[in-house]
Amino acid sequence: MTVTRCDASVESMLAARVARLRLTSTSISTSTTVYRYKYMGHQQTLGQDARCKFFEMPPGKKGPQPHQASLADMWGGGKKKEKKPKEEQKEEKEKEKEKEVEEKEEKAGTSASGSVKEEGKKGTDTVTDPFTVASENAKRKQPSSPAKSPARSAQQPQAKKRRVIESDDEEGAAGKGKVSRSRSASPAAPAEPPRKLGPPKGKGKKPAPKAAVEEDMEMEEDDTDAREAATVKKEVAAAKKEVAATKKEAAVATKVAASAKGKGKAKDKIKKVEEEEMEVDEAAASTSADEGAEELEDESEEEIEEEKVASKNAEAALDRKTEVDIPGGWKVGAPVPYAALAKTFALIEATTKRIEKTSLLTSLLLLVIERSKEGDADSLLRTVYICINRLSPDYIGIELGIGESILIKAIGESTGRSLAIIKSDLKKEGDLGLVAMNSKNMQQTLFKPKPLTVPFVFANLKEIALSSGHSSQNKKVSIITKLLAACQGQEAKYIVRSLEGKLRIGLAERTVLVALAHAAVLAEQQRASKKWNKEKLASRLEEGAHVVKSVYSELPSYDKVVPALLEVGIAGLQEKCKLTPGVPLKPMLAKPTKAIGEVLDRFEGKRFTCEYKYDGERAQVHRLEDGTVGVFSRNSEDMSKKYPDLVEQLPHCIKESTKSFVIDAEAVAIDRSTGKLMPFQELSKRETDRKDVKVEDIQVRVCLFAFDLLYLNGEPLLHRDLTERRELLREHFQPVDFEFQFAKSSDNESTEDIQAFLDESVKDGCEGLMVKMMESEASHYEPSRRSVNWLKLKKDYLAGVGDSLDLVVVGGYYGKGKRTNVYGAFLLACYDADSEEYQTICKIGTGFSEEALAAHWDVLRPLELEKCRGDIKAGGAKPDVWFEPRVVWEVLTADLSLSPVYTAAMGLIDQRGISLRFPRFIRVRDDKNADDATGPDQIAEMYERQVLAQGSSKKQKGDGDGDDGFW
DNA sequence: AGAGGGTGACC
DNA sequence: ATTATGT
DNA sequence: ACATAATGGTCACCCTCT
């Protein structure tokens with residue numbers, strides 16, 4: 001086996017990293033090397049859970065817990081725990097450290113089998129049968145996890161700390177780090193992207209906000225200082241769980257951060273930690289600093305003032321207009337300059353503070369309102385639309401039809417750079433917006449273009465969206481080129497991101513709504529020249545936010561809400577904008593649940609109900625007084641065209657008394673001859689709404705499973721109890737075989753009953769259960785909220801129950817955004833021992849902590865190959881880089897599917913290969929070699945079992961099991 | 001006309 | 001969809 | 001708790017190229 005040869009510096013770098021990671025390599029034979037990472041892989045078993053457990057389970061208090069605590073409790077527990085005296089924390093920490101050492105020793109000293117311990121519980125075979133092994137696993141896993149989790153949580157901060165120290169060392173010790181970094185410039189090396197070694201958190205802001213930060217540095221030292229200190233503080237806070245030495249550092253840095261004024265020693269510290277970051281970013285920053293400085297210079301003075309006040313005074317925090325405005329402002333009635341938006345975005349991007357983001361946007365919107373002519377709602381409306389990256393209400397459905405590829409082409413065209421260069425920049429920057437901006441700023445612009453305005457940008461976006469047909473792509477590209485040509489400073493960045501459909505400034509619709517509300521309140525205050533006192537204002541703001549959010553979730557149309565807001569203000573808004581059949585409302589969402597016990601915990605003593613969670617498509621069906629029927633998707637897309645059959649079926653299913661209504665339901669593919677529900681994959685074969693679908697042509701029929709009633713005969717029901725809504729639903733609708741059913745439900749309350757019902761639901765081809773509060777306000781329908789009043793219970797959430805596989809990492813994809821400079825996703829394969837080949841099965845991109853990603857980079861990067869190895873059967877997969885197949889991960893999945901691209905188990909079940917639905921990373925299996933990975937036969941078997949499990953329910957019509965029909 | 005890439009919808 | 005993270 | 005942003009597979013549809 002040939003490992004890719006690298007130059008000497010790479011090797012030394014590797015050695016260093018290997019040492020740091022305590023990655024031990026054990027030679028098993030000449031051809032195989034087992035890498036054992038000892039890092040947080042193991043802690044990750046429970047993912048999110050681990051974080052909660054950290055708070056929840058002090059070592060003293062564990063013991064066999066009947067079930068895991070509810071999320072709410074964990075959250076609460078977290079707060080409690082944080083207040084814990086330091087002493088205790090320290091103790092805990094110490095213990096955990098010991099533990100870790102133990103583990104380490106064990107690892108080093110024993111054979112693979114030894115190190116597996118309980119973690120290897122499934123032995124070499126992680127493939128589990130959910131229905132036989134389930135309960136056992138649960139039993140075993142649950143009591144064991146409290147013991148494990150503290151160790152887990154302790155290791156994470158520790159890893160962070162380690163990294164901080166590392167940086168220091170590198171700085172001090174003649175810059176080992178520098179060597180390895182600068183190596184990226186060395187011609188022989190396979191161009192390693194410059195990589196920040198600080199903990200991901202430290203680089204939190206990343207290239208993107210960097211520019212903004214840099215600006216600030218130019219104009220305001222103190223501010224920068226504070227920012228840096230804050231960053232460091234975070235790192236330190238994370239690290240403080242460790243040795244005393246670090247603690248000193250922490251103390252210093254924290255103090256500095258708190259006072260935001262201290263300099264001197266502390267600053268040095270900061271410098272050290274931050275330096276490599278600067279090093280890396282120097283180039284990028286300096287290119288953009290110019291404009292930035294220019295823009296901001298003239299108001300730096302005011303800003304200092306404002307900054308100070310803002311931090312002390314919540315009220316003042318809301319008025320940052322000067323910060324957000326562009327030099328010279330703009331005239332009342334003039335179009336909103338896009339530069340003002342870009343500037344605001346940059347400021348928003350530069351902070352992680354939610355309140356600050358909101359207040360910045362509020363200020364911008366307020367400016368827009370102030371400078372709009374009487375009766376001009378469009379300025380504000382368009383501004384808002386750009387902020388949320390949409391062109392019209394969802395249910396209108398207008399798409400840009402622009403993706404990365406076209407964008408790359410356009411950027412290439414407008415900057416005259418080759419596609420290859422753009423692509424490599426993208427890899428480096430992790431953001432096409434930045435690439436565009438940098439490319440642009442490198443060019444000498446001869447003429448200063450006419451400034452972009454919001455209406456102009458908006459109109460162009462719309463034109464892009466509306467162009468179709470022959471040569472439309474060229475047209476789109478040329479519009480983009482034109483737009484980019486007119487960009488100044490940071491504008492290109494945000495234009496491009498808008499086109500990508502993600503602003504990525506840590507601000508999305510929710511926050512925009514709040515800002516909109518706040519701006520409206522403040523505008524009102526100004527107009528009335530009132531000056532509310534602090535409390536009054538605060539409560540007004542809060543109320544406004546609440547009103548706007550709730551109005552919007554019932555009538556999600558800025559086209560309607562924004563003008564109404566300007567016209568009648570917050571006070572009259574609710575009256576003016578109400579739930580309207582024909583306009584989809586945001587559906588209520590459910591929280592995932594990790595154990596049945598959690599459900600009981602949450603709903604203890606309350607009445608609740610379990611319903612089947614059907615595996616189909618969410619469908620909100622509206623009927624207006626005039627008989628018009630509309631079907632809307634979960635994302636408020638109008639699916640009426642896609643479901644002409646539903647529209648046609650519906651009249652049979654309602655009773656005389658029912659005139660207008662809105663129901664919440666799931667549309668599921670059904671086999672009309674057997675009455676069996678079909679898997680989601682079948683449903684997705686239906687034609688979409690882009691062309692008019694004729695009922696006769698429909699191959700895949702659907703049955704509607706209704707579970708909620710939101711509006712009936714002119715009356716909204718959102719604020720009624722679920723019991724009542726359900727009663728009305730059953731009263732006013734009637735099930736029709738194969739067409740319309742009520743979601744099967746069970747109101748039992750014991751663990752056993754729920755478990756049984758869950759199993760049953762899976763047998764009937766469902767994903768699991770929805771558990772809902774029945775009475776009290778908690779049972780009301782809360783549009784768009786992912787509330788704990790609805791829980792979803794799926795078998796693969798349940799700890800230790802879902803299907804998990806051990807797969808080999810054979811490829812990597814460069815990450816974007818916050819995953820810049822690490823792999824953002826990976827290609828996995830199973831291993832076929834017979835043919836001795838690796839068969840790809842899926843990509844995976846979730847389940848990784850930032851640390852895990854960093855560690856994976858370190859481990860896998862040396863395994864990069866020139867090209868795909870011959871024994872890897874790739875299928876359609878094209879990763880950015882291929883790896884030597886060596887690293888094995890445990891991966892969890894909800895389902896297996898037949899795949900048009902992957903090759904796993906090809907020919908065993910079907911000509912197609914098999915892939916995974918909802919794959920997520922669980923942990924590293926450092927006890928396994930690549931050839932110990934799950935094999936195609938096992939995968940085929942799992943697939944078969946899945947098909948069987950779902951078909952195994954015997955259902956016949958009218959078997960009278962009571963509940964509204966036969967399933 | 002058909003293949004293949006790109007995009008956006010669903011989950 | 002799932003998951004991790006910051007406030 | 002909430003909001004945000006990383007990322008998954010599969011399908012139909014559109015556009016472009018052959």
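Throughout, protein chains are lettered first and strands after them, A, B, ... in sequence-line order, and every chain is numbered starting at 1. Keep in mind that the numbers below use all heavy atoms, side chains included, and drop hydrogens, waters and symmetry copies.
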The nucleotide from C:dT2, D:dG8, D:dC2 with an atom nearest the side chain of A:Ala825 is D:dG8

The nucleotide from B:dA9, B:dC10, D:dT16 with an atom nearest the side chain of A:Phe680 is B:dC10

All heavy atoms of A:Pro556 vs all of A:Tyr395, minimum pair found to be O-CE2, 4.2 Å

Problem - Residue-phosphate contact under 4.0 Å: A:Arg785 side-chain N/O, D:dA1 OP1/OP2 - result: no

| message | Between A:Lys613 and B:dC11, is there a contact of a side-chain N or O with OP1 or OP2 at under 4.0 Å? | response | no

Give a yes/no answer on whether the side chain of A:Ser899 brings an N or O atom under 4.0 Å of OP1 or OP2 in D:dG9. no

Taking B:dC11, D:dA12, D:dA3 as options, the one with an atom nearest any side-chain atom of A:Arg354 is D:dA3

| task | Tell me, with the steps shown, if A:Leu683 and A:Met678 meet side chain to side chain contact (heavy atoms under 4.5 Å, CB included). | result | CA-CA 7 Å; A:Leu683 180 66; A:Met678 306 211 288; over 6 Å; no

Per salt bridge (charged side-chain N to carboxylate O under 4.0 Å, His left out), A:Glu349 is matched among A:Arg497, A:Lys357, A:Lys818 by A:Arg497

With the side chain defined as heavy atoms from C-beta on, A:Thr688 is closest, among D:dA12, C:dT3, D:dT10, to D:dA12

Legend entry - Phosphate contact (C:dA4 OP1 or OP2) by A:Ser849 side-chain N/O below 4.0 Å: no

Quiz prompt | Under 3.5 Å donor-acceptor pair, A:Thr846 side-chain atoms to D:dT7 base atoms | solution = no

Which of A:Tyr823, A:Trp889, A:Tyr813 passes ring-ring contact (aromatic ring centres under 6.0 Å, His included) with A:His856? It is A:Trp889

Between A:Ser471 and D:dT16, is there a contact of a side-chain N or O with OP1 or OP2 at under 4.0 Å?
no

Between CZ of A:Phe918 and P of C:dA4 the distance, given in whole Å, is 16 Å

By nearest-heavy-atom nucleotide on DNA chain B, the more 5' of A:Asn635 and A:Ile406 is A:Ile406

Residue pair A:Gly397/A:Gln473 against DNA chain B: nearer the 5' end by closest nucleotide is A:Gln473

Closest of B:dC11, D:dT4, D:dG9 to the A:Glu617 side chain is B:dC11

Of D:dT10, C:dT2, B:dC10, the nucleotide closest to the side chain of A:Ser915 is D:dT10

query: For C:dT2, does OP1 or OP2 lie under 4.0 Å from any side-chain N or O of A:Lys794?
result: yes

Note to self: Under 6.0 Å between ring centres: does that hold for A:Phe848 and A:Phe826?
What the structure shows: yes

Look at A:Lys549 and D:dA3 and indicate whether a side-chain polar atom (N or O) is within less than 4.0 Å of OP1 or OP2. yes

OP1 or OP2 of D:dA12 less than 4.0 angstrom from a side-chain nitrogen or oxygen of A:Arg690, does that happen here?
-> no

Considering only heavy side-chain atoms of A:Lys818, the closest of D:dT4, B:dC10, D:dA6 is D:dA6

Phosphate contact (D:dT7 OP1 or OP2) by A:Tyr813 side-chain N/O below 4.0 Å: no

Result for 5'-nearest mapping on DNA chain D, choosing between A:Gly824 and A:Gln681, is A:Gly824

Ranking D:dA1, D:dT16, D:dA6 by distance to the side chain of A:Arg819, first place goes to D:dA6

Q. Is it true that A:Asp880 and A:Lys427 make a salt bridge, defined as a side-chain N closer than 4.0 Å to a carboxylate O?
A. no

Checking D:dA1, C:dT3, C:dT2 against the side chain of A:Lys594 (C-beta onward), the nearest is C:dT3

Assert: residue with more 5' nearest nucleotide on DNA chain D, out of A:His470 and A:Ile844, is A:Ile844

Requested in this report: Classify the nucleic acid contact of A:Lys691 as base, sugar-phosphate or nothing, counting any heavy atom under 4.0 Å across all strands shown.
Outcome: sugar-phosphate

Which of D:dA5, D:dC15, D:dC11 is nearest the side chain of A:Pro900? It is D:dC11

